[in-house]
There are 2 protein chains.
Amino acid sequence: MGDLDWGLLSNSVGPRVRLLRNNLNARSIAASDPFGLPTGSLTLMSLIAQNPGSSQKELADKAGITGPGLVSLVDELEKRELVRRDRSTTDRRRNMLVLTEKGEETVAEMFKVVSQIEAPIREELSPQELEQLISLIDRVLKALGEG
Amino acid sequence: MGDLDWGLLSNSVGPRVRLLRNNLNARSIAASDPFGLPTGSLTLMSLIAQNPGSSQKELADKAGITGPGLVSLVDELEKRELVRRDRSTTDRRRNMLVLTEKGEETVAEMFKVVSQIEAPIREELSPQELEQLISLIDRVLKALGEG
DNA sequence: TATTGTTATACTCTATAACTATA
DNA sequence: TATAGTTATAGAGTATAACAATA
């Protein structure tokens, strides 16, 4: 397939990142389909599970979703009783998001399925190389202000 | 900003790649704005410059764009007289794409501007680390069938 | 029958502006 | 005056299906 040369962009990460993101996104949609949840649901629920009580703004920043994007995502997850919005008592503007029991179960199930998406990556790269890749990406993200 | 933990997805590249792509995409839009060309123009023109005479299908595959997406992109670039569609004489279904002189000049100008997008990356990473990052991504892309 | 390019169409993702309620 | 969340809206990116021309 790919016997074309990137040319001027041989040392650019941008085009490659778009290719990679599109591929993973397509796989994610296919894998998430049985759950009937929008893309990003697992990412968001995983963040909530690890950081319960976070505000929507904190989660939106970390997940790289805009405010309105997060609202509709949480709306859907709340309707499905996977996530709960608890108003903070100390600052009543904030929602403290937490997973319901059903949410915890769903995260576990989804993770089993969705993590298979990256199986080809774990086959191609050694554990050290995968760690290296993630570490390099994290440093780049931080340098771009997405820490 | 980012003192939340990825949790279950600590070893997943998917969410990070989406963050990275969104950030670079936003910068790309801002940087390309003065040229009034759609996103992906530089990528496509750079591919054509390096592989003149390629068919639209070959370019679409390499750039990770669907057929219809490429058509509208080429339409725009052709209207601006940056790219020419030459019908192949041996297989008259194929368009052999080539840059015009104006296209060559525009690519050079755009590259100077757009390459600045990744300057923070080149500041954060040593040349060896950047090479490593690109090499790892290319291997992952190949493993995912995006060679 | 298969392939290249095209048209038409729809859906998802993301972004922005304006509003509310709290602080 | 500023911040968290919400609503409404628009735009870009991507996808699929159906079609024409050619192989």
Side-chain angles (χ1 to χ4, degrees), chain A residues 1 14-15 17-30 32-33 36-41 43-44 53-79 83-97 146, chain B residues 1 14-15 17-30 32-33 36-41 43-44 53-79 83-97 146:
Chain A
M1 170 196 281
V17 166
R18 186 182 52 195
L19 262 177
L20 183 52
R21 184 261 182 186
N22 287 354
N23 186 295
L24 292 176
N25 193 49
R27 289 165 186 265
S28 173
I29 289 170
S32 303
D33 190 53
L37 292 172
T39 320
S41 297
T43 299
L44 179 59
S54 296
S55 72
Q56 295 186 190
K57 182 171 190 347
E58 287 162 345
L59 292 166
D61 285 345
K62 181 68 175 185
I65 303 177
T66 56
L70 193 91
V71 168
S72 69
L73 200 45
V74 175
D75 281 349
E76 180 65 28
L77 295 176
E78 198 178 34
K79 197 195 310 174
V83 163
R84 222 174 46 236
R85 289 187 237 233
D86 290 349
R87 277 283 167 195
S88 165
T89 51
T90 58
D91 182 345
R92 290 179 36 227
R93 292 171 304 182
R94 295 165 61 96
N95 288 332
M96 306 194 325
L97 298 186
E146 301 278 351
Chain B
M1 168 198 285
V17 166
R18 186 181 50 196
L19 263 176
L20 182 53
R21 185 263 184 184
N22 286 354
N23 185 294
L24 292 176
N25 194 49
R27 290 166 186 263
S28 173
I29 290 171
S32 304
D33 191 52
L37 292 172
T39 322
S41 297
T43 299
L44 179 59
S54 296
S55 73
Q56 294 186 193
K57 182 169 191 348
E58 286 162 347
L59 292 165
D61 285 345
K62 181 68 175 185
I65 305 175
T66 55
L70 192 90
V71 168
S72 71
L73 199 47
V74 175
D75 281 349
E76 181 65 29
L77 295 176
E78 197 177 35
K79 197 194 310 175
V83 163
R84 222 176 46 237
R85 287 187 238 232
D86 290 350
R87 277 284 167 192
S88 165
T89 50
T90 58
D91 182 346
R92 289 176 40 222
R93 293 171 305 183
R94 295 165 63 94
N95 287 332
M96 308 194 324
L97 298 186
E146 300 279 350

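Chain letters run A, B, ... following the sequence lines, proteins first, then strands; residues in each count from 1. Since we're looking at a predicted model, the values are computed, not measured.
B/P38 and B/S41 get closest at one heavy-atom pair: O-OG, 2.6 Å.
Among the nucleotides D/dA23, D/dA15, D/dT7, the one closest to any side-chain atom of A/P68 is D/dT7. Here D/dG5 is the nucleotide among D/dG5, D/dT14, D/dT22 with the atom lying nearest to any side-chain atom of A/Q56.
Heavy-atom nearest nucleotides on DNA chain D were determined for B/N25 and for A/R87, and the one closer to the 5' end corresponds to A/R87. Comparing A/S88 and A/G67 against DNA chain C, the residue whose closest nucleotide sits nearer the 5' end is A/G67. With the nearest nucleotide of DNA chain D identified for both A/L70 and A/A26, A/L70 has the one nearer the 5' end.
Looking only at side-chain heavy atoms (C-beta outward), A/L77 and A/R85 stay at 4.5 Å or farther from each other. The shortest side-chain heavy-atom distance between A/Q56 and A/V71 falls under the 4.5 Å cut-off. Counting heavy atoms from C-beta on, the side chains of A/T43 and A/K62 never come closer than 4.5 Å. Counting heavy atoms from C-beta outward, B/K57 and B/R93 have side chains that stay 4.5 Å or more apart.
Contact annotation for A/S55: backbone-only contact, meaning every heavy-atom pair under 4.0 Å involves sugar-phosphate atoms and none involves a base. At the heavy-atom level, B/N95 lies under 4.0 Å from the strands shown only through sugar-phosphate atoms. Residue contacts for B/N22: at a heavy-atom cut-off of 4.0 Å it reaches the sugar-phosphate backbone alone, with no base atom in range.
Using a 3.5 Å distance cut-off with no hydrogens or angles, the side chains of B/R18 and B/N22 do not pair a donor with an acceptor.
Side-chain N/O atoms of B/R92 include one lying less than 4.0 angstrom from OP1 or OP2 on D/dT22. For B/R21, a side-chain nitrogen or oxygen approaches OP1 or OP2 of D/dT14 to under 4.0 Å. Between A/R18 and the phosphate of D/dA12, there is no side-chain N or O to OP1/OP2 separation shorter than 4.0 Å.
The interatomic distance linking B/L37 (CG) with D/dA12 (P) rounds to 13 Å, in whole Å. Between the P atom of D/dA4 and the CE atom of A/M96 lies a distance of 15 Å, rounded to the nearest Å. For the pair B/L44 CG and D/dG13 P, the interatomic distance rounds to 13 Å; values are reported in whole Å. In this structure, CG of A/D91 is placed 17 Å from P of D/dA2, rounded to the nearest angstrom. One atom, CD1 of B/I65, and another, P of D/dT14, lie 7 Å apart when rounded to the nearest Å. When rounded to the nearest whole Å, the span between CG of B/D33 and C1' of D/dG11 equals 14 Å. A/L73 has its CG atom 12 Å from the P atom of D/dT6, to the nearest Å.
Atom CG of B/N95 sits about 4.5 Å away from atom CZ of B/R87, to the nearest 0.5 Å. For the atom pair B/T90 OG1 and B/M96 CE, the distance stands at 7.5 Å (nearest 0.5 Å).
Think of the region where chain A sits on DNA chain C: with heavy atoms and a 4.0 Å cut, that region ends 5' and 3' at C/dC13 to C/dA23.
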